[in-house]
Amino acid sequence: MKHIIAPSILAADFANLQRDIEMINASEADWFHVDVMDGVFVPNLSFGFPVLEAVKKYATKPLDVHLMIVNPDQYIERFAQAGAAIITVHYEACTHLHRTIQAIHLAGCKAGVALNPHTPIILLKDIIADLDLVLIMSVNPGFGGQKFIPNTFNKISELKALALRLNPELIIEVDGGVNLQNIKSLLAAGADAFVAGSAIFAELYPVQVIADMKNTNKDSMEA
Ligand code: DX5
Ligand code: ZN
């Protein structure tokens with residue numbers, strides 16, 4: 001399977017959201033990454049259902065919804081109705097994670113679990129077989145434009161080994177500080193899906209950055 005590029009609309013121009021969505025539609029990107037923050041789980045607020053629904057109205061690719069919120073259970077049905085294809089909840093925010101994953105599947109969505117930089121991979125051992133995706137945070141969640149944390153490489157390799165044993169279909173997604181400089185090494189470590197916000201939207205030619213990310217090959221000679 002070719003790797004997945006998921007531009008994060010957190011870095012889009014909200015005054016020109018339709019334009020930016022259409023740019024992603026026309027690009028080689030695979031998903032729209034949608035960051036929902038509640039000001040409690042993370043020290044920032046982003047947006048909620050009205051914006052998600054607005055994105056859904058124009059997006060022609062699946063919505064990959066990353067919930068940085070406490071008590072996600074109470075909103076799963078609404079996120080599914082608003083158009084989420086994938087719902088990812090944080091390990092650190094879910095007391096009854098297995099129940100939450102069941103609820104996401106029952107709502108007709110693919111289910112993901114995100115891990116903060118300090119959360120060990122091994123904590124997923126008894127849930128990994130039930131997941132479609134694991135999102136490794138490579139920055140502390142809450143803000144775009146932060147510096148990539150290098151220990152992410154170890155976590156991806158460790159997760160890849162666990163997934164090969166317990167869930168070979170698992171999608172390994174990496175989120176935070178991903179750019180054209182580190183995507184090749186992340187691919188080599190075992191990541192399948194790449195979220196990128198500032199590395200795409202801060203550039204003059206975002207469609208070209210997306211194409212370059214999509215066409216990066218872990219085995220090629222060039223950097
Ligand atoms: C951070 C979010 C990310 C963010 C990534 O909490 O989960 O999805 O938008 O932005 P960059 O690529 O700029 O680090
Ligand atoms: Zn995210």
Side-chain angles (χ1 to χ4, degrees), residues 4-27 29-116 130-135 137 139-146 171 173 175-176 193-198 200-201 206:
I4 288 161
I5 306 298
S8 170
I9 61 140
L10 188 64
D13 176 356
F14 287 98
N16 290 287
L17 192 52
Q18 183 181 351
R19 180 202 68 191
D20 282 1
I21 291 167
E22 282 166 358
M23 179 275 288
I24 296 173
N25 285 343
S27 77
D30 300 276
W31 297 343
F32 284 81
H33 186 80
V34 183
D35 289 305
V36 179
M37 305 178 185
D38 67 354
V40 179
F41 181 70
V42 287
N44 198 9
L45 294 159
S46 58
F47 46 76
F49 298 111
V51 172
L52 182 61
E53 284 158 1
V55 174
K56 177 67 187 167
K57 194 165 154 195
Y58 295 105
T60 57
K61 300 173 182 191
L63 304 192
D64 170 36
V65 177
H66 176 193
L67 298 183
M68 285 161 273
I69 66 174
V70 295
N71 299 324
D73 302 66
Q74 59 185 321
Y75 296 117
I76 282 164
E77 191 59 43
R78 282 193 67 190
F79 279 112
Q81 278 167 9
I86 304 158
I87 299 178
T88 295
V89 294
H90 264 265
Y91 181 90
E92 303 83 6
C94 298
T95 309
H96 300 287
L97 184 58
H98 188 273
R99 180 182 293 153
T100 307
I101 297 305
Q102 279 181 317
I104 295 172
H105 282 147
L106 204 63
C109 298
K110 297 221 181 291
V113 170
L115 298 185
N116 277 339
D130 299 297
L131 303 178
D132 302 292
L133 177 150
V134 171
L135 187 162
M137 285 306 305
V139 298
N140 286 294
F143 303 91
Q146 301 182 83
I171 296 172
E173 185 173 37
D175 182 7
F194 300 87
V195 177
S198 42
I200 291 173
F201 288 95

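Along the sequence shown, residues are numbered consecutively beginning with 1. Just so it is clear, the values below take in all heavy atoms, side chains as well, and ignore hydrogens, waters and symmetry mates. If you're wondering where the values come from, they're calculated on a predicted model, not measured in any experiment.
- Here the closest heavy-atom approach between residue His33 and residue Asp64 is recorded as ND1-OD2, 2.8 Å.
- In plain terms, the two heavy atoms of Ala80 and Ile87 that are nearest each other are N-CD1, 4.1 Å.
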Could you walk me through whether Phe41 and Asn116 pass the side chain to side chain contact (heavy atoms under 4.5 Å, CB included) test, one step at a time? CA-CA 11 Å; Phe41 181 70; Asn116 277 339; 3.9 Å; yes
With side chain to side chain contact (heavy atoms under 4.5 Å, CB included) as the criterion, how do Val40 and Asn71 come out once you've worked through the C-alpha distance, each side chain's angles and the decisive distance to 0.1 Å? CA-CA 10 Å; Val40 179; Asn71 299 324; over 6 Å; no
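- Once rounded to the nearest 0.5 Å, the distance linking CD of Gln81 with NZ of Lys56 reads 13.0 Å.
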Would you sort out whether Phe201 and Asp13 count as a side chain to side chain contact (heavy atoms under 4.5 Å, CB included), showing the intermediate values? CA-CA 8 Å; Phe201 288 95; Asp13 176 356; over 6 Å; no
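- Annotation: the span from Leu10 atom CG to Asp175 atom CG amounts to 9.5 Å, rounded to 0.5 Å.
- Considering Ile24, Asn25, Ile21 in turn, Asn25 is the only one that fulfils the side-chain contact (heavy atoms from CB on, under 4.5 Å) rule with Thr60.
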Going through the distances and angles, do Val36 and Ile69 end up as a side chain to side chain contact (heavy atoms under 4.5 Å, CB included)? CA-CA 7 Å; Val36 179; Ile69 66 174; 4.1 Å; yes
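- Glu173 contributes no side-chain N or O that, together with a main-chain N or O of Val195, makes up a donor-acceptor pair within less than 3.5 Å.
- Nearest heavy-atom pair, Ala103 versus Ile76, reported as atom, atom and distance to 0.1 Å: O-CG2, 3.9 Å.
- Closest of all the heavy-atom pairs between Val34 and Leu63 is CG2-CB, 4.5 Å.
- Interatomic distance, CG of Leu133 versus CH2 of Trp31, reported as 5.0 Å (0.5 Å rounding).
- Atom CZ of Phe47 is surrounded by more than 12 heavy atoms from other residues, nucleotides or ligands within 6.0 Å.
- Atoms CD1 and CD, from Ile104 and Glu77 in turn, are 11.5 Å apart once rounded to the nearest 0.5 Å.
- Checking side-chain atoms of Asp132 against main-chain N and O of Ala111 turns up a donor-acceptor pair under 3.5 Å.
- For the pair His66 and Met137, the minimum side-chain heavy-atom distance is below 4.5 Å.
- For Lys61, the NZ atom is densely surrounded, since the number of other residues' heavy atoms within 6.0 Å is greater than 12.
- Smallest separation of non-hydrogen atoms from Pro72 and Cys94: CG-SG, 3.7 Å.
- Contact record, Ala114 with Thr88: N-CG2, 3.6 Å, taken as the closest heavy-atom pair.
- Rounding to the nearest 0.5 Å gives a distance of 13.5 Å between CE of Met23 and CD of Gln18.
- Annotation: the span from Phe143 atom CZ to Ser46 atom OG amounts to 10.5 Å, rounded to 0.5 Å.
- Side-chain N or O atoms of Asp38 include one that pairs as donor or acceptor with a backbone N or O of Val70 at under 3.5 Å.
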Going through the checks in order, is the salt bridge (charged side-chain N to carboxylate O under 4.0 Å, His left out) test met by Arg99 and Asp73? CA-CA 9 Å; Arg99 180 182 293 153; Asp73 302 66; over 6 Å; no
